[in-house]
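Every number for a ligand or one of its atoms is a count from 1 in the order of the listing.
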Amino acid sequence: MLVRFDAATRHLSLDPRDPAFYHDPYASYAAVLAQSPVAYWAELGCWCFFGYDEVNRLLRDRRFGREILHVATREELGLPAPRPHTRHFDEVDAHSMLEREPPVHTRLRALVSRAFVSRRVDALRSIIEDMAHELVDAFPRAPFDLLTHYATPIPVRTIARLLGVPQAMTPQLLAWSHDMVAMYGVGRTYDIETRADTAAAEFSQYIRELVAERRATPGDDLLSVLIAAEEQGDTLSEAELVSTAILLLNAGHEATVHALGNAVNAVLRHGVHMQVFVDDDAALARLVEESLRFVPPLHLFKRYVLADTEESGIALRKGEQIALVLGATGRDPRLHDRPEQFLPERMPAQHTSFGAGIHFCVGAPLARLELQCALRVLFRRCPRLTLAGTPHPKDSWHFHGLDALFVEV
Ligand code: HEM
C-alpha cells in the first residue's frame, strides 16, 4: 500500500522517491483525493493541497508567496545562511521573477509580458512548423527516441530563436539547464548543488557576453528588447537581465519537452485516431489541453506562508511552506467525470498545469503554440506512428516526463 492516510488528522504517508509512486503518481493522487483535497504529507514535512479548487484559489491568494525574506529574516525563520558553493545559482535565483513577489515581480513581469506580446509569439508559428518538418525529414528508419529527435530540439530552438541566442548554442543551453533544474527535485545532493552552481556561473557569463554583443548591435529579438528597457532607465538591472534570460531559456523548454512527450505517449497508448487533429484546429487545441490535464509535466510548486493564518481548518505559521500539487488537480473527481480517462474531446479540460495568479506561466501561449504545431506536423507526416516498446518514466517526480519514447514511423 503506497498511500497511508489518517482521516482523523489528515496525515499522509507516501514516499516520493519510491519508483512505484513517481512512475504513476496519479493512482496515489486519486487515493488521496478520494479522502481529502488537503493532507499533511509526512515525507515532505508540509501541508499539501491536491484539489483543483484549493490549488487554483491558493495560487492566487496573496497570503502566500514565493519570497519570504522581505517579511522575515533568516534567523527568525531558522533558515540556513547562504552557502558559498551555491552562490552563483542563488544569485541567478535572487533576481528571477519566478522567485520574487511584488513590487519587484510586477516590474519584471511587466517588462517580459510586453516583450512577449502575441504578435511576437504568433510570428513563430511558421518557424516552429518548418523546424518540425525538418526534424521529421531526418527521422531514422529504425525505431528511434522521439524525445531526442523531436520533443527536445523544438522547444529549445524556439526559445533560443525568440531570445536571439545562436542555434549552435542549443546543446550547451540544454546541458546548463538540466544541471540547474536538478536543484528543484527531491533528494538534492552536494554534487547536484555544485554542478548547478557551475552551470549558473557559466550560463550567466555567456548571457553577459551576449548582452554586450547585442548592446553594440541590437537585433529583432527579446534580449535586445530587454536591453533597450534596461538602457531606458533603471527599470531592469544587468543582474535582472541575466536572470530573466536564463529563466526564459530554462522555463522555455524543460516543461515543454515533457508536455510534448507525454502528449504523444498518451495518444499512442490510448489508440487515439491521430488524423482527426491534422485539419481541425479546435480538436487539436482540445487534445493539447486534455494532455496537459491528464499528464502535466510539472507536478509541485511551493509557497511560503507570509503571516500566521488559517486555511482549510489548518493553523499555518509565518515562514512555513505549503505545497500545491499541480499534477493532481486535473484528476480531481469534483471537477471532472472519469478523471482517470484520457478523453481528447473533453471540454473544457480544466487544469492548473500553467499555474494561476501572478506567477501564471508567462510562456503559456508559446507552449500551447509549440505543442499544437509539433503535434499537427507529427500526425500529418507520420500517419503510421506507433510505439516501439514501453516508454520508461523519468527518474523524477516534479518534472514528470519520460526518459525516452521509442517509436516507429
Ligand atoms: C507545457 C509547458 C509549460 C508548462 C507546463 C509551464 C508551467 C509553468 C508553471 C506551473 C508556472 C508557475 C510556477 C509557480 O506558480 O510557482 C510557470 C511559470 C513561468 N513559466 Fe512556464 N510552463 C511551460 C512553458 C513555458 C515556456 C515555453 C516559457 C517561456 C517562454 C515559460 C516561462 C515561464 C516563466 C518566465 C514563468 C515565471 C512567471 C512568473 O513568475 O511570473 N514557461 N510555468
Hey, is ligand 1 close enough to Ser353 that some N/O pair sits below 3.5 Å? no

When you check the side-chain N and O atoms of Arg63 and Thr309, is any donor under 3.5 Å from an acceptor? yes

Under a 3.5 Å cutoff, is there a donor and acceptor pairing between the side chains of His70 and Glu101? no

Under 4.0 Å, heavy atoms only, figure out whether ligand 1 is touched by the backbone of Ile358, its side chain, both or neither. backbone

Modelled atom types, side-chain donor and acceptor of Asp197 and His88, under 3.5 Å: yes

Below 4.0 Å, non-hydrogen atoms only: which portion of Phe301 touches ligand 1? Side chain, backbone, both or neither. side chain

For Pro297, which part has a heavy atom under 4.0 Å from ligand 1: side chain, backbone, both, or neither? side chain

Decide whether an N or O pair under 3.5 Å exists between His105 and ligand 1. yes

Is the closest N or O pair between Arg66 and ligand 1 shorter than 3.5 Å? yes

Would Asp90 and Thr86 count as having a side-chain donor-acceptor pair, cut-off 3.5 Å? yes

Taking the cut-offs as 6.0 angstrom to the six-membered ring centre and 45 degrees off its axis, would you call Arg331 and Tyr26 a cation-pi pair? yes

With a 3.5 Å cut-off and no angle check, do the side chains of Asn56 and Thr352 form a donor-acceptor pair? no

Classify the contact between Leu298 and ligand 1 as side chain, backbone, both or neither, using a heavy-atom distance cut-off of under 4.0 Å. side chain

His299 pairs by ring pair (Phe, Tyr, Trp, His ring centres under 6.0 Å) with which of Tyr29, Phe399, Tyr22, Phe21? Tyr29

Given that the side chain starts at C-beta and the backbone is N, CA, C, O, which of these parts of Glu99 lies under 4.0 Å from ligand 1, counting heavy atoms, or is it both or neither? neither

Of the listed options Gly252, Ala259, Pro155, closest to atom 26 (C) of ligand 1 (non-hydrogen atoms): Gly252

Arg109 to ligand 1: N or O pair under 3.5 Å? yes

Counting only heavy atoms, which portion of Leu366 has something under 4.0 Å from ligand 1: side chain, backbone, both, or neither? side chain

